[in-house]
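Side chains are part of it too, since the values below use all heavy atoms of this structure and drop only hydrogens, waters and symmetry mates. Keep in mind the model is a prediction, meaning the values are calculated, not measured.
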Amino acid sequence: SAVTHVKPGDRVTVNVETFCGECFFCKKGFVNNCTDPNGGWALGCRIDGGQAEFVRVPYADQGLNKIPDSVSDEQALFVGDVLATGFWAARISEITADDTVLIIGAGGVSSVATHKCAQAAHIFSEIVLASRTKAKCDAIAASVKERYGRDIETAQVDADNVPELVALIKKVQPDLVMNIALPYQDLHIMDACLEAGVNYLDTANYEPLDDAHFEYKWQWAYKEKFEKAGLCALLGSGFDPGVTNVFCAYAQKHLFDEI
């Protein structure tokens with residue numbers, strides 16, 4: 001009875017974040033910092049079944065959005081997380097004209113990020129896409145070619161192998177490495193970027209291979225290394241707390257004397 005915006009039978013998208021809509025952060029638009037006990041990244045973490053056929057979503061009026069009749073199920077499928085994450089990663093990477101970007105990973109989020117980069121030819125002058133399975137990269141490249149008429153280079157790389165990563169980065173000589181691979185590969189790619197002297201960006205914080213537990217302590221330990229190397233490492237771009245950190249850093253530098 002508390003749910004009024006949607007009803008049984010509606011087609012809806014589900015926000016990857018759960019939020020109450022009433023706390024300080026929600027009212028300011030930072031829903032990923034919701035202070036409610038049920039808020040935050042609940043689906044797939046504290047609530048099992050995020051990929052199942054049925055799942056109970058807290059605060060449905062906040063996190064569910066009706067899908068317009070003109071949008072197909074296939075089109076709407078990517079809205080909840082894949083499209084949003086890849087779009088935001090590409091948007092805030094701050095690549096400038098004539099720069100080269102190396103994208104590592106060839107899953108759904110990588111596909112969105114690659115297509116988004118390809119749309120901005122005046123910014124992303126050269127795109128290289130690499131993954132363990134080169135055929136997946138080739139398929140994304142073919143889609144980019146068909147949609148936008150752009151050619152992107154593809155390569156095979158084992159993201160668990162730091163020397164192999166370093167060799168590829170030095171060959172491509174990118175201005176930025178966008179890590180859109182698996183979370184447990186973050187540290188390997190960060191190590192490779194440090195050795196090759198290239199800026200780094202990822203969309204998900206580190207998670208050990210055999211332990212479903214993620215937090216930033218492992219990556220925060222790299223802060224001094226990147227500072228000493230004069231490099232930037234932008235973490236968790238596309239979901240909490242990466243985007244919030246970007247907003248807060250901007251606000252601290254340009255809008256407020258004290259936060």
Side-chain angles (χ1 to χ4, degrees), residues 85-86 88-107 109-110 113-114 116-117 123-134 137 152-211 213-246 248-250 252-253:
T85 300
W88 188 253
R91 184 175 181 179
I92 69 173
S93 59
E94 295 187 355
I95 293 290
T96 55
D98 299 323
D99 279 351
T100 298
V101 59
L102 169 60
I103 301 173
I104 298 178
V109 175
S110 172
T114 304
K116 182 61 182 175
C117 290
I123 297 176
F124 301 92
S125 61
E126 185 175 350
I127 303 168
V128 180
L129 178 62
S131 177
R132 188 192 308 269
T133 306
K134 187 175 181 295
C137 299
I152 66 173
E153 184 180 343
T154 62
Q156 191 278 331
V157 70
D158 181 357
D160 292 323
N161 187 316
V162 175
E164 194 171 314
L165 286 165
V166 172
L168 175 64
I169 294 172
K170 289 184 175 180
K171 177 183 177 182
V172 174
Q173 296 185 331
D175 298 277
L176 173 72
V177 169
M178 291 177 62
N179 169 18
I180 315 184
L182 296 170
Y184 65 79
Q185 295 170 323
D186 287 0
L187 302 187
H188 297 145
I189 300 175
M190 292 180 76
D191 284 332
C193 285
L194 280 169
E195 185 172 339
V198 176
N199 297 310
Y200 170 91
L201 178 149
D202 68 37
T203 61
N205 56 341
Y206 177 73
E207 181 175 336
L209 176 60
D210 298 319
D211 181 14
H213 169 71
F214 52 88
E215 58 181 282
Y216 276 106
K217 67 177 183 181
W218 294 285
Q219 289 178 282
W220 287 144
Y222 281 69
K223 182 176 183 292
E224 187 174 346
K225 296 178 182 178
F226 272 83
E227 286 181 342
K228 286 184 176 180
L231 299 172
C232 176
L234 195 56
L235 310 178
S237 304
F239 84 103
D240 176 32
V243 175
T244 302
N245 286 346
V246 173
C248 288
Y250 180 89
Q252 185 177 39
K253 290 179 180 178

Next item on the list: Classify the angle between the aromatic ring planes of Tyr200 and Phe226 as parallel (below 30°), tilted (30 to 60°) or perpendicular (above 60°).
Entry: tilted

Looking at [X] and [Y], what are the two nearest heavy atoms and their distance?
| X | Y | answer |
| --- | --- | --- |
| Pro183 | Asn205 | CB-O, 3.5 Å |
| Ala130 | Val157 | CB-CG1, 3.7 Å |
| Ile169 | Pro174 | O-CD, 3.2 Å |
| Asn199 | Asp175 | ND2-O, 3.4 Å |
| Lys170 | Gln173 | O-CG, 3.1 Å |
| Tyr184 | Tyr206 | O-CE1, 3.4 Å |

[atom1]-[atom2] distance between [X] and [Y], expressed to the nearest 0.5 angstrom:
| X | Y | atom1 | atom2 | value |
| --- | --- | --- | --- | --- |
| Ile103 | Lys116 | CD1 | NZ | 13.0 Å |
| Glu153 | Cys137 | CD | SG | 11.0 Å |
| Cys193 | His188 | SG | NE2 | 13.0 Å |
| Ser131 | Ile180 | OG | CD1 | 11.0 Å |
| Leu102 | Glu126 | CG | CD | 10.0 Å |

By the definition side chain to side chain contact (heavy atoms under 4.5 Å, CB included), identify the one residue from [options] that meets it with [X].
| X | options | answer |
| --- | --- | --- |
| Leu165 | Asp160, Ile189, Asp191, Asp158 | Ile189 |
| Leu234 | Thr203, Leu176, Leu201 | Leu201 |
| Leu235 | Asn179, Asp202, Asp186 | Asp202 |

Margin query: Tell me if the CD atom of Gln156 is crowded by more than 12 foreign heavy atoms within 6.0 Å.
Written below: yes

